[in-house]
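Reading through the structure tokens given below for one structure.
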Number of protein chains: 2
Amino acid sequence: MKLTTKGRYGLRAVIDLAVNYENEAVALSQIAERQGISVNYLEQLIAKLKKSGIVDSVRGAQGGYVLAMPPEEISVGDILRALEGDLNPVDCYELNSNEPPCSNADTCVTKYVWKRISDSINAVVNEIKLSDLVAESRRVQAEAGSTQVNQPKQTC
Amino acid sequence: MKLTTKGRYGLRAVIDLAVNYENEAVALSQIAERQGISVNYLEQLIAKLKKSGIVDSVRGAQGGYVLAMPPEEISVGDILRALEGDLNPVDCYELNSNEPPCSNADTCVTKYVWKRISDSINAVVNEIKLSDLVAESRRVQAEAGSTQVNQPKQTC
DNA sequence: GTTAATACCGAGTAAATTAATAGGGATTAA
DNA sequence: TTAATCCCTATTAATTTACTCGGTATTAAC
């Protein structure tokens with residue numbers, strides 16, 4: 001019941017992009033350095049974000065990535081689903097009709113549990129907008145002030 | 001962001017135990033057969049449930065397992081945490097102080113996201129009691145009636 | 001028009017985790 | 001005494017994760 005590094009790194013990358021965006025595209029190498037993630041791996045994550053329409057790319061020298069929408073229109077749910085796939089606790093036809101129907105559907109009672117978990121997760125992440133995290137980031141950065149050291153390695 | 005078979009099989013096993021409990025211990029072999037899970041694997045799951053005080057065992061011939069408490073006192077959260085470990089979306093000191101503190105904690109903004117997801121998952125599963133699922137199981141079994149076939153293999 | 005900086009793409013791989021299987025020991029009702 | 005059961009640990013196959021690697025395409029700057 002854990003997110004993978006795709007979701008964790010990818011969300012940090014999008015926040016980084018939003019915070020450091022100033023009319024110009026941000027190169028992946030910059031995000032990678034600030035966040036302590038390899039460029040190659042980050043490429044794979046940002047490809048998913050682009051495919052989902054969350055970021056746009058600018059090719060060529062001085063290129064990079066920009067948000068495809070204002071941060072208040074992007075939810076954490078959009079970002080995490082782009083990176084992780086659906087946020088359901090199980091692969092179940094009742095939650096996602098792409099899954100094969102379950103032979104046991106008639107008498108299955110656990111599906112109600114999975115549905116409620118899925119609904120609650122998605123409700124929470126849909127409610128949190130990227131703009132909320134950007135604002136929070138600016139706040140904590142200001143508080144941390146000049147005493148901060150650069151320690152990009154982190155556990156969460 | 002998926003539960004493992006431990007959580008899925010284990011929850012089904014506990015529901016089976018509760019539904020089929022009638023003053024006598026239920027042998028693992030019976031649960032295994034009804035649920036289409038191997039006895040050996042089920043042993044590992046039930047060991048976790050016993051360790052967490054959710055079931056008690058009766059050793060020897062005619063032995064088996066019984067719920068350690070009435071079904072209304074056991075939540076799905078208790079069961080899933082016994083089987084899966086914590087239900088947090090990431091390993092983060094802010095959610096579980098057994099984790100190592102994060103070098104980045106001062107300026108981390110994603111931790112608020114993880115906290116809200118964790119809280120919502122745990123709230124939902126703590127609210128659903130085993131007795132609710134037993135009642136639901138009896139209802140759907142009655143509806144399915146005699147037309148049901150035995151198809152223990154299932155995807156969720 | 002060359003160069004350097006960038007995005008884009010797919011294949012491969014090592015490590016970790018999951019999902020079992022296997023086999024023997026301990027306990028107890030019949 | 002036996003058979004049914006729980007109990008415990010080790011091993012293994014399959015899958016997934018978390019990358020790395022090496023190349024191609026595009027474009028701004030010079």
Side-chain angles (χ1 to χ4, degrees), chain A residues 1-13 17 23-33 35-52 54-68 83-85 89-91 153-156, chain B residues 1-13 17 20 23-33 35-52 54-68 80 83-86 89-91 152-156:
Chain A
M1 203 57 180
K2 294 279 187 278
L3 292 171
T4 66
T5 55
K6 290 196 187 78
R8 295 193 283 120
Y9 293 179
L11 177 57
R12 273 164 51 202
L17 188 58
N23 305 319
E24 282 176 3
V26 179
L28 221 49
S29 55
Q30 293 174 34
I31 299 177
E33 192 180 17
Q35 298 297 326
I37 305 169
S38 97
V39 175
N40 279 316
Y41 192 43
L42 202 48
E43 274 183 351
Q44 296 176 23
L45 311 186
I46 205 108
K48 288 171 182 278
L49 293 165
K50 191 186 172 190
K51 204 170 162 192
S52 298
I54 292 169
V55 302
D56 279 337
S57 64
V58 179
R59 300 193 69 172
Q62 297 0 293
Y65 291 91
V66 288
L67 295 179
L83 293 158
E84 296 274 345
V90 297
D91 290 328
K153 220 56 180 173
Q154 52 198 280
T155 57
C156 72
Chain B
M1 203 57 181
K2 293 281 187 278
L3 292 171
T4 67
T5 55
K6 290 197 187 79
R8 295 193 282 121
Y9 294 179
L11 177 57
R12 273 163 51 200
L17 187 58
N20 293 286
N23 304 319
E24 281 175 5
V26 179
L28 221 47
S29 55
Q30 294 174 35
I31 299 177
E33 193 181 15
Q35 300 297 327
I37 305 168
S38 96
V39 175
N40 278 317
Y41 192 42
L42 202 47
E43 274 182 349
Q44 295 176 27
L45 311 185
I46 205 108
K48 287 171 182 278
L49 294 164
K50 192 185 172 190
K51 204 170 162 190
S52 299
I54 291 169
V55 302
D56 279 337
S57 64
V58 180
R59 300 193 69 173
Q62 298 358 294
Y65 291 91
V66 289
L67 296 178
L80 292 181
L83 293 159
E84 296 273 344
D86 69 54
V90 297
D91 291 328
K153 220 56 181 175
Q154 52 198 279
T155 57
C156 70

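Numbered from 1 within each chain, the chains take letters A, B, ... in sequence-line order. As a basis for the values below, the full set of heavy atoms in this structure was taken, side chains included, without hydrogen atoms, waters or symmetry mates.
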Problem set entry | Euclidean distance, atom CD of residue Glu24(B) to atom P of dA30(C) [Å, nearest integer] | 9 Å
Exercise. Under 4.0 Å between a side-chain N/O of Ser57(A) and OP1 or OP2 of dT6(C), yes or no?
Worked result: no
Exercise. Between the side chain of Arg8(B) and the main-chain N/O of Val90(A), is any donor-acceptor distance below 3.5 Å?
Worked result: no
Exercise. What's the spacing between Ile37(A) CD1 and Leu45(A) CG if we round to 0.5 Å?
Worked result: 7.0 Å
Problem set entry | DNA chain D: 5'-proximal contact among Gln44(A) and Ala61(A) (nearest heavy atom) | Gln44(A)
For this session: To the nearest Å, give me how far apart CG (Leu45(B)) and C1' (dC7(D)) are.
Result: 14 Å
For this session: Assign each of Gly60(A) and Asn40(A) to its nearest nucleotide of DNA chain D by heavy atoms, then name whichever residue's nucleotide is nearer the 5' end.
Result: Asn40(A)
Problem set entry | N or O in side chain of Thr4(A) less than 4.0 angstrom from dA18(D) OP1/OP2 | yes
Exercise. Is Lys50(B) salt-bridged to Asp56(B), going by a charged N under 4.0 Å from an acidic O?
Worked result: no
Exercise. Is any N or O donor-acceptor pair between the side chain of Glu43(B) and the base of dC6(D) shorter than 3.5 Å?
Worked result: no
Seminar exercise, completed: Taken to the nearest whole Å, CD1/Ile46(B) to P/dC7(D) is 9 Å
For this session: Would you kindly give the CD-to-P distance between Gln30(A) and dA7(C), to the nearest whole Å?
Result: 9 Å
For this session: Considering just the side-chain nitrogens and oxygens of Tyr65(B), establish if one lies under 4.0 Å of OP1 or OP2 belonging to dC7(D).
Result: yes
Problem set entry | Atom-to-atom span, OH of Tyr9(B) to C1' of dA20(C) - whole angstrom | 9 Å
For this session: Can you tell me the distance, in whole Å, between the CZ atom of Arg59(B) and the P atom of dA4(D)?
Result: 17 Å
Exercise. Counting just side-chain N and O atoms, does Ser38(B) come under 4.0 Å of either OP1 or OP2 of dT21(C)?
Worked result: yes
Problem set entry | Spacing of Arg8(A) atom CZ relative to dC19(D) atom C1', expressed in whole Å | 13 Å
Exercise. Side-chain contact, heavy-atom cut-off 4.5 Å: Glu43(B) with Leu28(B)?
Worked result: yes
Problem set entry | Under 4.0 angstrom between Lys50(B) side-chain N/O and dC7(D) OP1 or OP2 | yes
For this session: Starting at atom OH of Tyr41(B), determine the distance to atom P of dA14(D), rounded to an integer number of angstrom.
Result: 16 Å
For this session: Would you kindly compare Ala47(A) and Lys6(B) by the position of their nearest DNA chain C nucleotide and give the one closer to the 5′ end?
Result: Ala47(A)
Exercise. Does Ser57(A) use its side chain to pair, donor to acceptor, with the backbone of Arg59(A) at less than 3.5 Å?
Worked result: no
